[in-house]
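See below for the structure under consideration.
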Amino acid sequence: MKKIILSSIILFAVSCKDNAPQQNKEPEIITKGNQITIPESHPVFKKIKTQMVTEQEHSDGVISAGTIQAIPNHYAEIASPFSGRITKSFIQLGQNVSAGNPLFEILSSDYFSVQKDYTDALNDVQLAEKNYRRQQDLVKHGVGIQKELDEAETDFKNKKTSLSNASSALKVYNSKSGGIGSPLVVRAPINGEVISNKIVNGQYLKGDADPVVIIAELSKVWISGDVKEKDIRFVNIGDQVSVKVSAYPDRNITGKVYHINEMVDEDTRSIKVLIECDNPDRKLKPGMYATVNFSTTPKKTVMIPVTALMQEDSSQYVWIKKGKSQFTRRSVTTGETDEKTVRIISGLKPGETIMTEGGIYMPDTK
């Protein structure tokens, strides 16, 4: 009797369980092609955030490492043109000099030879001129020979040419001959500051010795940077650039693109670019490293948060909101990106609404 009652109770309990209404059943996400419908009561719906696509001002930035250097025609390394002994110095380190100012003087037998050539040529011209004038006078009074006059004229012209060559040799060294045996005074070729001075009185220099004086005019400097081949389209002569140097991290330095090399470095696939910067306080020193930021002209473009961009293999896509709870997957082409935003080249238009958060919860539509 007890077994019959227990069986009845079990059957009644099972029957009640089967007939009871099911509660808390999670609504399903519906996928149809590239479109997904997410019920508002679904937990994923609460994780979704959206944003309307707008155009923003954007400038394509290119960053390059560079090195500060003196402008070549504002920089001079001066060595002795002859072997000889330094007898006098006229300068000190840090001194400002003008073109033509004396730097040092040197006694040199080779320079004496140049002086002698000039003196000999000068004497030869004077003698040739006297002979030429004498022959002219003789022919004029009917006692001279035309042939001898022509020869004297030719000799005079040749001697003047030799004197001109000897004079040019002195001018090469910016020298004014003081007579055979006088020292050569080496002069500054440019205006600037003496940034290196290795002159030692009494020092003997060989003709191929290293420079003993360096002069630089550093009120303007160049920054030499390398721009990748793929980015060179963003750089143009005359563009304004911003420059940072580690020595002065809080200083804002601006420059201008002065020259873009015509050749590509085949090893680095980059192009050399020169930027000219004002340097009135001489803070920028040749050899310093710099970071150069090239900025293009700002233009309106579509920018979206990086959180809105989804990746699948080599393709990228976003979710477009089509209704209150409908979203469609769409492929996009991207450009430059930073920590927060990415530029969209194609695939989106201003006014469309995209999913900015929650995309990682979307099911695969394939």
Side-chain angles (χ1 to χ4, degrees), residues 24-64 227-236 238-242 244 252 254 257 269-271 273 291-366:
N24 299 325
K25 184 178 181 181
E26 188 176 275
E28 295 183 352
I29 296 177
I30 302 171
T31 302
K32 185 177 181 181
N34 281 338
Q35 182 168 299
I36 289 178
T37 302
I38 306 174
E40 295 181 41
S41 57
H42 197 284
V44 168
F45 190 83
K46 297 178 182 179
K47 299 179 182 294
I48 292 174
K49 292 184 180 180
T50 60
Q51 176 181 305
M52 182 178 290
V53 175
T54 59
E55 286 187 323
Q56 302 175 25
E57 291 285 342
H58 175 74
S59 177
D60 296 309
V62 177
I63 296 177
S64 170
V227 175
K228 291 297 183 181
E229 181 181 1
K230 66 182 181 62
D231 295 326
I232 197 64
R233 68 185 186 276
F234 299 122
V235 181
N236 301 284
D239 284 354
Q240 295 288 332
V241 301
S242 61
K244 289 289 185 182
N252 294 319
T254 59
V257 176
R269 305 310 305 175
S270 61
I271 295 101
V273 176
T291 300
V292 184
N293 193 328
F294 301 87
S295 295
T296 60
T297 302
K299 58 183 179 180
K300 287 188 175 182
T301 187
V302 172
M303 303 290 295
I304 65 171
V306 292
T307 54
L309 188 66
M310 309 304 296
Q311 184 83 31
E312 184 177 64
D313 297 329
S314 60
S315 63
Q316 296 172 309
Y317 64 92
V318 296
W319 290 103
I320 309 293
K321 187 176 182 180
K322 288 298 185 180
K324 191 171 184 180
S325 58
Q326 285 81 40
F327 296 88
T328 299
R329 172 173 163 163
R330 185 189 296 171
S331 296
V332 293
T333 304
T334 61
E336 296 72 30
T337 184
D338 55 31
E339 294 181 356
K340 295 182 179 181
T341 59
V342 60
R343 183 166 74 96
I344 301 299
I345 297 174
S346 64
L348 279 179
K349 295 179 180 180
E352 293 183 304
T353 300
I354 60 172
M355 184 187 300
T356 57
E357 292 185 24
I360 58 174
Y361 302 109
M362 297 296 100
D364 191 352
T365 56
K366 288 186 177 180

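Quantities reported herein were computed from a predicted structural model and do not represent experimental measurements.
At distances below 3.5 Å, not a single donor-acceptor pair connects side-chain atoms of Q35 with backbone N or O atoms of K32. Between the side chain of T356 and the main chain of K49, a donor-acceptor pair closer than 3.5 Å is present. Distance alone, capped at 3.5 Å, is enough to place a donor-acceptor pair between the Q311 side chain and the D313 backbone.
Summarising the geometry, atom CZ belonging to R343 is positioned 12.5 Å from atom CD belonging to Q56; distances are rounded to the nearest 0.5 Å. Between the OG atom of S325 and the CD1 atom of I30 there is a distance of 8.5 Å, given to the nearest 0.5 Å. Atom OG1 of T328 is separated from atom NZ of K321 by 12.5 Å, given to the nearest 0.5 angstrom. A distance of 12.0 Å separates NZ in K349 from CD in E55, rounded to the nearest 0.5 Å.
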Could you go through the side chain to side chain donor-acceptor pair (under 3.5 Å) check for T333 and S346 one step at a time?
CA-CA 5 Å; T333 304; S346 64; 3.1 Å; yes

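In this structure, the side chains of R330 and L348 come closer than 4.5 Å at one or more pairs of heavy atoms. With contacts defined as side-chain heavy-atom distances shorter than 4.5 Å, the pair N293/V241 does not qualify. No side-chain heavy atom of M362 sits less than 4.5 Å from a side-chain heavy atom of R329. Residues V273 and I232 meet the side-chain proximity criterion, which asks for heavy atoms closer than 4.5 Å. For the pair W319 and I36, the minimum side-chain heavy-atom distance is below 4.5 Å. Side-chain atoms of I48 and F327, non-hydrogen and from C-beta on, do get closer than 4.5 Å to each other. Side-chain contact between T54 and M303 is absent, with no heavy-atom pair separated by less than 4.5 Å.
In terms of heavy atoms, V257 sits closest to N236 at CB-O, 3.4 Å. M355 and G358 make their closest contact through SD-C, 3.6 Å (heavy atoms, listed as atom of the first residue, atom of the second, distance). Considering all non-hydrogen atoms of both residues, P363 and I29 come closest at CG-CG2, 4.1 Å. I344 and T334 make their closest contact through CD1-CG2, 3.9 Å (heavy atoms, listed as atom of the first residue, atom of the second, distance). A pairwise comparison of heavy atoms in A308 and I354 identifies CB-CD1, 3.8 Å as the closest pair.
Few gaps surround CZ on F45; more than 12 heavy atoms of other groups in view lie less than 6.0 Å from it.
For T353 and T50, the side-chain atoms include no donor-acceptor pair closer than 3.5 Å.
Every residue was checked against the salt bridge (charged side-chain N to carboxylate O under 4.0 Å, His left out) condition with K340, not counting sequence neighbours, and none meets it.
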